[in-house]
Amino acid sequence: MDFEKLTIPEIHKQFHEGKTSAVELVERALEVIGKKEKDLGSFISLDREEALKAAEKVDKKIARGEELGILEGVPFALKANIVMKDKIATCGSQILENFVSPYDATVVKKLKEAGAIVIGRTNMDEFAMGSSTETSFYKKTRNPHDRTRVPGGSSGGSAVAVASGEVVFALGSDTAGSVRQPAAFCGVVGLKPTYGAISRYGLVAMASSLDQIGPITRNITDCVLVQRVIQGPDAYDSTCVKDKRNSSRYDLESIQNLGVKGLKIGVPQEYFEKGLDKKVKEKVEAVIKLLEKKGAKTEKVSLPHTDYAIATYYILSPAEVSSNLARYDGIRYGYSAMVDPDKKTDDLLSVYLESRKEGFGNEAKRRIMVGTYVLSSGYYDAYYLKAQKVRSLIRKDFESVFKKVDFLITPTTPTLAFKLGEKLDDPLQMYMSDVMTVPSSLAGVPTLSLPCGTIEKDDKKLPVGLQLIGNYFEEAKLFQVACAIEKLVNK
Ligand code: GLN
């Protein structure tokens, strides 16, 4: 058994055939983590005892010959901004260093009920702000394909945990690329579902009108299996869509077998222009050719407001960040300067100021400042309101293009994984690495990144990610196309 490569259906089969046990799998996961963690830094905390106990329960079920759910006994990891009862949820920040959650996020509750086993919480950029997993208060995470490079971010810990074989799948959160970009850099699958498909209850808010939880997996089938469990309405999240569009009853067999014949692929020109690495472009174009051979039709399309997406996002998201992060005041929960005898905290304002000064890192402070500025009276109309209007135009771009084509195909990122430290001191450069993932987040449409090959650089094989963008709640179509691509690329 090669634990580092096992997929969910293979695990299920092995349980049935008595070839492995849930305890053995958890032990293997912990062993791989023990071996690789020092180098990769993907985890912030581990749940050894609880994981082994949960595995024993699954093994008892197997011994009694009871029916097993498909996720039962499967070890997975949670990004550190998804809360779990009685466990810390640091969000990669010092300000939540000691915060223990009193409840389970809805996705955690659903996965626990499905019998999946949490191994631990993964490292992330502070409060999910970043594209490299270098801004965590705790550690930096490294790319398993080249340790001198970033894994992408902000869900870098989750992507690395899956790519390096530490767990079978992981959850990340994606506000504008944080599942897809690290998935692309690490050579795994990552889905940002339609906004409103998965409950955000228990996901610590960064920019609430954009945040979505998404699965990171070793292949498309696993992604469908996880998405099936975590998707759907939730009484605790009023933005989670309650009608029948939000159905997670994916038919795995048709997803795996329908192929792409007769489908119309849109190739948005704006994504293949300046700034795109030539080799990345060639890889994606090669896949487009393969799809054409399999009977898909391609059409060049345009999303004319793409150029404005980054600017729009970096006004709207800091605005929401500044509001969401206002709750960390040193009084209700999280780090408080009051506990430090050296800090002057004899009035309320000093408690706020000192706690926030100590507790937040630079990127969080930068966004709080920008966000407060664009929301302030006098600037609100010029920045925030204007950005909201541009967001509507970006959404309309997607709506009109989906009247003509079934889905869009683009690279996930303009370049391969960059070097650690390369963009850390240049926030604008860092922000630009999201140029291909931001627009679909602003529109709220589902988007999936999957590996489409590797490119050799400095004697290392670095993964290339391909992005599929679909119409609202058409995840099934994305899965179907992604399955076809997976087969073509792995031939
Ligand atoms: N990299 C983007 C940012 O820093 C997106 C982050 C995310 O998707 N959480 O805001």
Side-chain angles (χ1 to χ4, degrees), residues 78-82 91-93 122-136 141 150-159 170-186 190-193 195 198 200 203-216 309-325 360-371 374 387 391 412-415 417-418 422-449 465 467:
L78 278 177
K79 186 174 179 179
N81 60 351
I82 301 172
C91 295
S93 180
T122 56
N123 198 27
M124 58 184 280
D125 282 303
E126 186 178 12
F127 283 107
M129 294 176 236
S131 313
S132 65
T133 316
E134 292 170 291
T135 71
S136 165
T141 303
V150 302
S154 62
S155 314
S158 286
L171 295 188
S173 71
D174 190 310
T175 306
S178 278
V179 161
R180 290 161 284 162
Q181 187 249 20
F185 281 3
C186 294
L191 171 72
K192 181 207 85 74
Y195 183 80
I198 295 183
R200 288 183 295 115
L203 168 67
V204 180
M206 173 192 162
S208 315
S209 78
L210 297 142
D211 297 339
Q212 274 294 279
I213 292 170
I216 297 179
I310 286 278
T312 305
Y313 173 76
Y314 279 99
I315 290 172
L316 296 180
S317 81
E320 295 187 30
V321 163
S322 71
S323 155
N324 276 327
L325 266 48
F360 287 132
N362 287 343
E363 187 58 30
K365 286 177 184 155
R366 182 178 297 122
R367 300 217 190 179
I368 291 170
M369 285 191 280
V370 172
V374 300
R391 182 176 187 178
T412 309
T413 57
T415 65
F418 45 88
E422 191 180 316
K423 302 188 187 212
L424 200 53
D425 298 325
D426 188 347
L428 286 183
Q429 273 298 316
M430 191 71 95
Y431 297 170
M432 286 311 287
S433 61
D434 302 326
V435 64
M436 301 192 165
T437 48
V438 165
S440 57
S441 286
L442 288 169
V445 289
T447 312
L448 182 145
S449 177
Q467 185 173 242

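Worth saying up front: this structure is predicted, and the values here are computed from it rather than measured. All ligand and atom numbering here is 1-based and tracks the order in the structure.
Interatomic distance, E320 CD to L316 CG, rounded to the nearest 0.5 Å: 7.0 Å.
No donor-acceptor contact under 3.5 angstrom links the side chains of K79 and S158, judged on distance only. Side-chain N/O atoms of S93 and E126 include a donor and acceptor closer than 3.5 Å.
If you number the atoms of ligand 1 from 1 as listed, the ones under 4.0 Å from a heavy atom of S131 come out as 1 (N). Of all the atoms in ligand 1, the ones that sit under 4.0 Å from a non-hydrogen atom of T175 are 7 (C), 8 (O), 9 (N). For ligand 1 and M129, the ligand atoms under 4.0 Å from any heavy atom of the residue are 4 (O). For ligand 1, the atoms lying closer than 4.0 Å to a non-hydrogen atom of M206 are 9 (N), 10 (O). Ligand 1 places these atoms under 4.0 Å from at least one heavy atom of R367: 3 (C), 4 (O), 10 (O). Close approach to S154 involves these atoms of ligand 1, each under 4.0 Å from a residue heavy atom: 9 (N). Taking every non-hydrogen atom of Y314 and a distance limit under 4.0 Å, the qualifying atoms of ligand 1 come out as 1 (N), 2 (C), 3 (C), 4 (O), 10 (O).
Formation of a donor-acceptor pair under 3.5 Å by the D211 side chain with backbone atoms of M206 is found in this model. No side-chain donor-acceptor contact under 3.5 Å links S132 to the backbone of G153. Remark: the backbone N or O of G156 is paired with a side-chain donor or acceptor of T133 at under 3.5 angstrom. Judged by distance alone, the side chain of Q181 and the main-chain N or O of S433 form no donor-acceptor pair under 3.5 Å. Judged by distance alone, with hydrogens and angles left aside, the side-chain atoms of N123 form no donor-acceptor pair with the main-chain N or O of G157 at under 3.5 Å.
Taking 4.0 Å as the cut-off, G177 counts as a neighbour of ligand 1 on heavy-atom distance.
By the 30° and 60° cut-offs, the orientation of the rings of Y314 relative to Y431 is parallel.
Below 3.5 Å of separation, one finds no N or O of S173 facing any N or O of ligand 1. In terms of polar-atom proximity, D434 is counted as a contact of ligand 1, with an N or O under 3.5 Å from an N or O of the ligand.
The side chain to side chain contact (heavy atoms under 4.5 Å, CB included) test with S441 singles out one residue from T175, L210, T447, and that residue is L210.
In R180, neither the side chain nor the backbone holds a heavy atom less than 4.0 Å from any atom of ligand 1. At a 4.0 Å heavy-atom cut-off, ligand 1 does not touch F127 at all. The proximity of M430 to ligand 1, defined as any non-hydrogen pair under 4.0 Å, does not occur for either the backbone or the side chain. With a 4.0 Å heavy-atom cut-off, ligand 1 is reached by the backbone of A128 and by its side chain too. Proximity of Y431 to ligand 1, defined as any heavy-atom pair under 4.0 Å, is not found for any part of the residue.
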**OP:** Check the pair S317 / M129 against side-chain contact (heavy atoms from CB on, under 4.5 Å), numbers first and verdict last.
**Re:** CA-CA 10 Å; S317 81; M129 294 176 236; over 6 Å; no
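Among protein heavy atoms, atom 5 (C) of ligand 1 sits closest to Y313 OH, 3.5 Å. The nearest heavy-atom contact from the protein to atom 6 (C) of ligand 1 is S178 OG, 2.9 Å.
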